[in-house]
Every structure is written in C-alpha cells, then in structure tokens.
Amino acid sequence: MEASGTPRVKAESGGYKDRFWIPRFWSGIRLWSWLCILARNRFRVCPSRITMAVILVLIGGINSCLAAIQSLVLGRKIARTKIDRPPIFIVGHWRSGTTLLHEFLVLDARHAFADTFTCFCPNHFLLTRWILPRLMGFLMPKRRPMDNMAVGLDRPQEDEFALCNMGIPSPYLTEIFPNEPPQYPEYLTLDDVPPKDLARWKRAFVWLLQCLTLENSGKRIVLKSPPHLARLPVLLELFPQAKFIHIYRDPYVVFPSTMNLWKRLYRDEGLQVPTCEGLEDQVFDAFTRMYESFERNRQLLGPTQLAEVSYEDLVADPVGQLQRLYEELELGGFEDVLPAVKTFLGGQKGYKTNRYQIAPEIRNEIARHWGPFIEKYGYSDSAAEV
C-alpha cells in the first residue's frame with residue numbers, strides 16, 4: 001500500500017521531540033553484534049545518520065568490554081541461578097495496553113521485571129547498575145516517543161530489546177534499517193527458526209531471566225513483549241508452569257496506533273530516513289500471524305495459567321479487573337497490592353491517550369484482514385471514529 005498522498009490515518013499523538021543525545025534502543029549492543037547488523041544491511045546508512053552509526057560502534061566496543069568483565073566476574077554465579085518461580089507473561093499486540101498492565105503488575109513487591117536499563121544494557125547490567133543509570137538518566141526523555149506514557153531507566157520495558165542487544169535476531173531490528181526488507185520475520189513466532197538458532201534463542205532468554213532472578217533475589221519475573229503472544233509453545237517448553245495474561249483492544253484503535261508506533265520508531269531509532277513503503281500490509285500481516293498462533297496454541301495452557309482482559313475494561317475498572325486477574329491466576333495477595341494500585345491511579349489523572357481518525361477505506365481493510373479477531377472479541381460494533 002502507498003505511504004504517500006492524502007493521509008489515510010490522521011493522528012493526534014504525544015511523545016518527545018527527538019534529540020541526538022537521547023539513548024537509542026541499541027545503546028547496549030556489543031560491537032560484533034552491531035557490525036553484523038550493519039554488514040547484513042550492506043552498510044546502507046543514510047548520510048544524516050552516519051554519526052549515530054559511528055557512536056554506536058564506539059559504544060559497542062565499551063559494551064563488549066563490560067560484558068566480558070561481567071562474564072568473568074559473575075558468569076558462573078549467573079549460570080547456577082535457578083528460576084524457581086515461573087514467570088508471568090503479559091501478551092498482546094502492540095498498542096493493546098500491555099505497558100499499562102505491566103505497570104500495574106510490577107507494583108506488587110513480590111514481582112520483578114526487566115526495566116529499561118536492563119533492556120538497554122543486558123550484557124552487563126548486573127555489573128554497571130550502580131553507576132551507569134546515574135550517568136544516562138539525565139539524557140533520557142520524560143515520555144515515550146509514540147505517546148504520553150512516562151519513560152525512565154527504572155520503568156518496565158520490553159525484554160525483546162534486551163535480546164536484540166544480546167545479538168539475538170528479532171523482527172525489531174527492522175527499526176534500524178526500515179527501508180530494507182523486514183528483518184528476521186521468522187522470529188516473530190519462532191515457528192520456522194532452525195533448531196540450532198532456536199536453541200541459541202532459548203539459551204539467551206533463559207540467561208536473561210537468570211540475571212534478573214539473581215539481581216532480584218529470586219522474585220517472580222513479570223515480562224512483556226508483544227511477540228510473546230505468538231510464542232506460547234517455546235515459552236511453555238522453557239517454563240511449563242508460567243502464567244499468561246492476554247490483553248486485547250479495539251482493532252480500529254490498534255491499527256492506527258501501531259502505524260504511528262512504527263513510523264515514529266523508524267524515524268528515531270533507524271539509520272535510514274524511512275519511506276514506510278508497505279507498512280500497512282506489514283501491520284496487517286503481523287497481527288494475523290500472531291493471533292493465528294495464539295488461538296492455535298492457547299489450549300496448551302491450564303485453567304489457572306491464562307487470564308484475559310480487554311484494555312477498555314481495564315481502564316474503566318482497573319481495581320476490579322486486576323483483582324479478577326489475580327484470582328483467576330491464583331496469584332494471591334491482591335489486598336497487599338491495592339494501596340500501591342490506588343496511588344498509581346492517582347498519578348495517572350490527566351493522562352491523555354492518542355487520538356486517531358481513520359479513512360473509511362482503512363476501516364474496511366481492518367475488518368477484512370482482522371475479521372475473526374473482531375468477531376471473537378466483540379468489536380463488531382466499534383464506533384465509527386476512534
């Protein structure tokens with residue numbers, strides 16, 4: 001589909017104003033991994049982004065040294081760390097409310113999570129936690145690039161970015177070279193990843209969780225990355241007793257919001273000036289693949305392993321919905337979390353969500369591509385304007 005011409009989606013969105021000094025998602029990547037990404041895309045760096053590419057080469061060298069030191073000092077201790085408490089995975093498509101739900105669940109003092117610093121610097125965060133956040137903190141923006149949600153090195157983050165910085169293939173690497181063919185689409189579901197490469201993915205993922213477990217004295221880890229929605233078989237193989245919370249949202253909001261997300265991240269995080277050619281089709285396809293996988297594999301989960309909530313219900317009644325989720329997953333202790341939830345809600349007053357107006361033909365395309373989801377989750381009568 002064409003990206004030029006009359007806008008098919010009009011957005012009123014928040015986010016920060018990009019500055020050259022803002023840390024990028026790839027700021028914690030090791031040198032060799034960064035060079036491999038550049039070589040894979042034949043160094044097709046836009047002239048205006050050469051400085052970013054060079055800075056990440058220099059930082060990559062520092063990350064490699066720090067990673068080697070952490071491995072030398074803590075490698076054996078990390079390898080011996082057991083993950084005794086099965087993780088909780090928040091699963092849902094991008095822009096479906098996964099971040100909000102993550103923010104709620106990590107209010108529980110019994111829970112740990114991968115914060116932004118962990119995901120930016122997964123190769124050495126155990127070693128550098130005491131100093132680097134203080135140095136990086138003043139460079140961080142106050143809001144996320146695509147909306148008005150707060151951001152910070154200590155806030156929950158998607159663990160998929162940690163895997164990217166560990167040198168593991170991911171569809172997220174498309175953000176670096178957005179005008180090249182989509183990167184590693186097979187890693188969205190992991191279904192077609194060769195066994196050797198899949199084993200590498202598993203080792204890296206478990207190692208990340210071992211580091212988090214070690215840092216947080218064995219607390220249960222709450223994780224959130226949209227691709228996990230389509231990875232149930234692999235995640236259950238690693239953690240058979242894991243819990244999953246599926247959050248979903250009106251697709252007539254999700255589509256324009258996801259378009260806005262990728263356009264902004266391509267612009268801010270990439271080494272090319274994005275054309276966004278074919279982006280609409282990519283968004284439609286990813287959603288379909290993810291939900292086909294989820295619906296096909298959800299029967300693998302036991303009755304106390306999966307709970308579901310709509311974004312609309314969570315926003316309308318956060319306390320009631322959170323209490324229900326705790327009960328269905330048999331997490332216990334919600335009364336102890338309630339004061340923190342109420343305090344968090346008090347701080348959210350005045351928060352404004354992004355607003356979108358979508359052309360009638362786009363609404364028709366959403367209904368055509370995502371019809372099964374729309375029917376199953378009750379969005380057939382969505383409002384005409386979002």
Side-chain angles (χ1 to χ4, degrees), residues 1 3 24-29 33-34 36-42 44 56 89-96 98-99 114 119-120 122 144-146 157-194 196-202 204-205 208 223-235 254-255 257-272 274-294 296-297 369-370:
M1 295 185 181
R24 309 297 164 174
F25 290 146
W26 334 112
S27 296
I29 199 166
S33 299
W34 183 242
C36 287
I37 292 171
L38 295 176
R40 174 184 170 88
N41 292 277
R42 290 170 286 182
R44 291 183 173 176
L56 287 169
F89 291 96
I90 297 171
V91 296
H93 191 271
W94 295 277
R95 314 304 296 148
S96 292
T98 54
T99 296
C119 295
F120 275 25
R144 298 198 300 179
M146 62 286 194
Q157 186 55 266
E158 296 182 26
D159 50 277
E160 190 76 9
F161 289 115
L163 294 175
C164 291
N165 282 311
M166 293 164 67
I168 301 300
S170 168
Y172 281 25
L173 297 177
T174 301
E175 295 172 31
I176 303 175
F177 286 93
N179 297 338
E180 305 303 313
Q183 307 285 301
Y184 302 106
E186 69 275 17
Y187 277 81
L188 181 64
T189 66
L190 301 179
D191 289 342
D192 299 318
V193 176
K196 183 178 179 180
D197 296 331
L198 182 58
R200 180 181 175 228
W201 188 96
K202 294 176 185 176
F205 189 66
L208 175 64
L223 296 162
K224 183 271 292 191
S225 277
H228 293 334
L229 178 70
R231 296 169 174 171
L232 293 189
V234 174
L235 297 177
V254 167
F255 177 82
S257 188
T258 304
M259 289 290 293
N260 177 57
L261 166 71
W262 293 128
K263 287 178 180 179
R264 184 62 193 262
L265 293 183
Y266 288 173
R267 189 185 78 188
D268 289 5
E269 302 292 333
L271 298 180
Q272 297 174 328
T275 63
C276 297
E277 182 179 352
L279 181 58
E280 288 182 0
D281 291 328
Q282 292 168 27
V283 171
F284 281 131
D285 179 66
F287 185 102
T288 300
R289 290 176 60 204
M290 291 165 72
Y291 268 99
E292 284 180 349
S293 177
F294 176 70
R296 183 172 64 248
N297 293 303
H369 284 278
W370 298 347

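Quick note: residue numbers are just sequence positions, from 1.
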Asks: Assess, by modelled atom type and distance only, whether the side chains of His228 and Asp159 contain a donor and an acceptor separated by less than 3.5 Å.
Replies: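 A pair is found: one side chain offers a donor N or O, the other an acceptor, under 3.5 Å apart.
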Asks: Would you confirm whether the ring centroid of Phe284 sits within less than 6.0 angstrom of the ring centroid of Phe255?
Replies: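 Yes.
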Asks: Hey, are Asn41 and Gln183 close enough side-chain-wise for a donor-acceptor pair under 3.5 Å?
Replies: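 Side-chain D/A pair, Gln183 to Asn41: present.
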Asks: Could you pull out the closest heavy-atom pair between Leu208 and Pro122, with the gap in Å?
Replies: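 Smallest interatomic distance, heavy atoms only, reads CD1-CB, 4.4 Å.
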Asks: If I take atom CH2 from residue Trp262 and atom OG1 from residue Thr258, how far apart are they, to the nearest 0.5 angstrom?
Replies: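 Going from CH2 on Trp262 over to OG1 on Thr258, the span is 8.0 Å.
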Asks: Just by distance, do the side chain of Asp285 and the backbone of Asp281 share a donor-acceptor pair under 3.5 Å?
Replies: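 Checked: no pair found.
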Asks: Would you kindly check if the NZ (Lys) or CZ (Arg) of Arg40 is within the cone defined by 45 degrees around the ring axis of Tyr184 and under 6.0 Å from the six-membered ring centre?
Replies: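 Yes, Arg40 and Tyr184 form such a contact.
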Asks: Determine, step by step, whether Arg24 and Glu175 satisfy the salt bridge (charged side-chain N to carboxylate O under 4.0 Å, His left out) criterion, reporting the C-alpha distance in whole Å, the side-chain angles of both residues, the deciding distance to 0.1 Å, and the verdict.
Replies: CA-CA 11 Å; Arg24 309 297 164 174; Glu175 295 172 31; over 6 Å; no
Asks: Contact between Leu235 and Phe89 at the side-chain level, heavy atoms closer than 4.5 Å - yes or no?
Replies: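 Heavy-atom side-chain distance check passes, below 4.5 Å.
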Asks: Test ring pair (Phe, Tyr, Trp, His ring centres under 6.0 Å) on Phe287 and Trp370; report intermediate values, then the result.
Replies: CA-CA 8 Å; Phe287 185 102; Trp370 298 347; 3.9 Å; yes
Asks: Rounded to the nearest 0.5 Å, what separates atom CD in Gln282 from atom OG1 in Thr174?
Replies: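 Spacing of CD (Gln282) from OG1 (Thr174) equals 7.0 Å.
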Asks: Hey, does Asp191 have a side-chain heavy atom less than 4.5 Å from the side chain of Glu186?
Replies: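 No, side chains not in contact.
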Asks: Parallel, tilted or perpendicular: which fits the ring planes of Phe294 and Tyr291, with parallel below 30° and perpendicular above 60°?
Replies: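 Perpendicular, since the angle between the ring planes exceeds 60°.
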Asks: Measuring only between side-chain heavy atoms, which start at C-beta, is Pro185 closer than 4.5 Å to Pro171?
Replies: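 Pro185 vs Pro171: side chains apart.
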Asks: I want to know whether Phe120 and Phe161 have ring centres closer than 6.0 Å.
Replies: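 No, the ring centres sit 6.0 Å or more apart.
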Asks: So, the side chain of Thr98 versus the backbone of Gly92: is there a donor-acceptor pair under 3.5 Å, distance only?
Replies: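 Such a contact is absent between Thr98 side chain and Gly92 backbone.
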Asks: List the atom of Ser170, the atom of Cys164, and the distance in Å for their closest heavy-atom pair.
Replies: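 That closest heavy-atom pairing would be CB-SG, 3.6 Å.
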Asks: Go through Leu38 and Phe177 one step at a time and tell me if the side chain to side chain contact (heavy atoms under 4.5 Å, CB included) criterion holds.
Replies: CA-CA 9 Å; Leu38 295 176; Phe177 286 93; 3.8 Å; yes
Asks: Under the criterion side chain to side chain contact (heavy atoms under 4.5 Å, CB included), I'd like the reasoning laid out for Phe205 against Val234: C-alpha separation, chi angles, the key distance, then a yes or no.
Replies: CA-CA 11 Å; Phe205 189 66; Val234 174; over 6 Å; no
Asks: Is the shortest heavy-atom distance from the side chain of Pro227 to the side chain of Trp94 under 4.5 Å?
Replies: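 The answer is yes; the side chains approach within 4.5 Å.
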Asks: Keeping the roles fixed (side chain from Trp26, backbone from Glu269), state whether a donor-acceptor pair exists under 3.5 Å.
Replies: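 Such a contact is found between Trp26 side chain and Glu269 backbone.
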Asks: With rounding to the nearest 0.5 angstrom, report the CZ to NZ distance, Arg267 to Lys263.
Replies: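 Going from CZ on Arg267 over to NZ on Lys263, the span is 11.5 Å.
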Asks: How many angstroms lie between CD1 in Ile168 and CG in Asp197, if you round to the nearest 0.5 Å?
Replies: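 These two atoms lie 9.0 Å from each other.
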Asks: Could you report the tightest heavy-atom contact between Met290 and Leu188, atom names first, then the distance?
Replies: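 Met290 and Leu188 have their closest heavy atoms at CG-CD2, 3.9 Å.
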Asks: Yes or no on side chain to side chain contact (heavy atoms under 4.5 Å, CB included) for Arg289 and Thr189, after CA distance, side-chain angles and deciding distance?
Replies: CA-CA 8 Å; Arg289 290 176 60 204; Thr189 66; 4.0 Å; yes
Asks: Could you go step by step and tell me if Cys119 and Asn165 meet the side chain to side chain contact (heavy atoms under 4.5 Å, CB included) rule?
Replies: CA-CA 8 Å; Cys119 295; Asn165 282 311; 5.8 Å; no
Asks: Mind checking the CD1-CG spacing from Ile176 to Leu265? Nearest 0.5 Å is all I need.
Replies: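 The CD1 atom of Ile176 sits 11.5 Å away from the CG atom of Leu265.
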Asks: Does a donor on one side chain and an acceptor on the other come within less than 3.5 Å for Tyr266 and Gln272?
Replies: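 Judged by distance alone, the side chains do not pair up.
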Asks: Rounded to the nearest 0.5 Å, how far does CZ of Arg95 lie from CE of Met259?
Replies: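 One finds 13.5 Å between CE of Met259 and CZ of Arg95.
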Asks: Taking the side chain as everything from C-beta on, heavy atoms only, tell me whether Arg42 gets closer than 4.5 Å to Glu180.
Replies: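 Counting from C-beta outward, Arg42 and Glu180 do come under 4.5 Å.
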